[in-house]
Amino acid sequence: GSGKFASIGSSTYEVEGAALKLIEYFEKFESLRDQTWLSPLSSDEVDEIELLRGGKKIFYAQREGSVWTNAHHQPLKADVSFFLDQITHARIREFIDKEEVSHRLIDSIRKKPLHHITFKDRLGNTTEAYLKWETLAGTRKLFSLTSSRPTAVFQVFDEATRFFEPLKP
């Protein structure tokens with residue numbers, strides 16, 4: 001054999017041949033992870049959005065055909081499709097893997113998020129996302145979590161807060 005091993009979950013595998021050559025191209029494990037924080041949600045799947053800031057609803061939109069409307073079925077001026085494309089493709093800057101740090105962040109982010117967004121698909125399934133500024137190792141950073149990956153915490157790029165600027169009721 002190759003003498004090279006990979007551990008996936010509770011199983012260990014010997015890696016050889018093409019798989020071994022492929023693994024040599026990765027600089028770090030993060031390359032194999034899904035790099036978008038709302039994954040597996042895509043903008044085409046979303047039919048309803050509710051945005052809360054500081055616990056107060058500041059934006060609501062529902063898809064009616066190709067038009068986004070408010071709760072009273074009036075067309076919105078906000079470019080909701082652009083917002084959805086931006087946020088569903090937002091990249092993760094860093095995965096927070098240290099369990100004690102991620103548990104503390106999960107609790108803090110859920111208690112008092114900067115943004116709490118609920119996305120619903122046409123079947124009524126929801127995905128919730130949270131964003132919050134936190135200080136970690138003396139530096140202020142923007143963190144996120146999502147109900148589709150409940151035990152994961154991500155640092156996202158600071159620019160992610162700009163996605164919400166065009167949303168006006």
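- Under the side-chain hydrogen bond (donor to acceptor under 3.5 Å, both in side chains) criterion, Asp158 pairs with no residue at all, not counting sequence neighbours.
- Under the rule for a side-chain hydrogen bond (donor to acceptor under 3.5 Å, both in side chains), Thr127 has no partner lying at least two apart in sequence or in another chain.
- Taking Asp44 as the reference, nothing meets the side-chain hydrogen bond (donor to acceptor under 3.5 Å, both in side chains) condition, with sequence neighbours excluded.
- Scanning both residues, Arg91 and Phe157, for their nearest heavy atoms gives O-CD1, 3.6 Å.
- Every residue two or more places apart in sequence or in another chain that forms a side-chain contact (heavy atoms from CB on, under 4.5 Å) with Val101 is listed here: Ile96, Lys98, Leu105, Leu136.
- Hydrophobic cluster membership is shared by Trp133 and Phe163, with clusters built from Ile, Leu, Val, Met, Phe, Trp and Tyr side chains linked at under 4.5 angstrom.
- Contact record, Ser144 with Val156: OG-CG1, 3.3 Å, taken as the closest heavy-atom pair.
- Scanning all heavy atoms of the two residues, the minimum distance from Ser42 to Thr88 falls at C-CG2, 4.0 Å.
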Report, one line per pair, each donor and acceptor closer than 3.5 Å where one atom sits in a side chain of residues 107-117; sequence neighbours left out.
from: Ser108; atom 1: OG; to: Lys132; atom 2: NZ; distance (Å): 3.0
from: Ser108; atom 1: OG; to: Glu134; atom 2: OE2; distance (Å): 2.4
from: His116; atom 1: NE2; to: Glu128; atom 2: OE1; distance (Å): 2.6

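- The salt bridge (Lys or Arg N to Asp or Glu O under 4.0 Å) search around Arg122 returns Asp47, not counting sequence neighbours.
- Counting heavy atoms of neighbouring residues, nucleotides and ligands inside a 6.0 Å radius, atom NZ of Lys141 exceeds 12 of them.
- For Arg93, there are no salt bridge (Lys or Arg N to Asp or Glu O under 4.0 Å) partners at least two apart in sequence or on another chain.
- In terms of the side-chain contact (heavy atoms from CB on, under 4.5 Å) criterion, residue partners of Glu99 (sequence neighbours excluded) are, by chain and number, His103.
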N/O donor to acceptor pairs below 3.5 angstrom from side-chain atoms of residues 50-61, sequence neighbours left out:
from: Glu50; atom 1: OE2; to: Lys57; atom 2: NZ; distance (Å): 3.4
from: Tyr60; atom 1: OH; to: Glu48; atom 2: OE2; distance (Å): 2.9
from: Tyr60; atom 1: OH; to: Gln62; atom 2: OE1; distance (Å): 3.1

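- Under the side-chain hydrogen bond (donor to acceptor under 3.5 Å, both in side chains) criterion, Ser81 pairs with Trp68, sequence neighbours left out.
- Expressed to the nearest 0.5 Å, how far CG of Leu131 lies from OG1 of Thr161 amounts to 8.5 Å.
- Two rings, from Phe154 and Phe143, have their centers 6.0 Å or more apart.
- Between Ser147 and Thr126 the shortest heavy-atom distance is OG-O, 4.2 Å.
- Considering only heavy atoms from C-beta on, Ile49 comes within 4.5 Å of Phe83 through its side chain.
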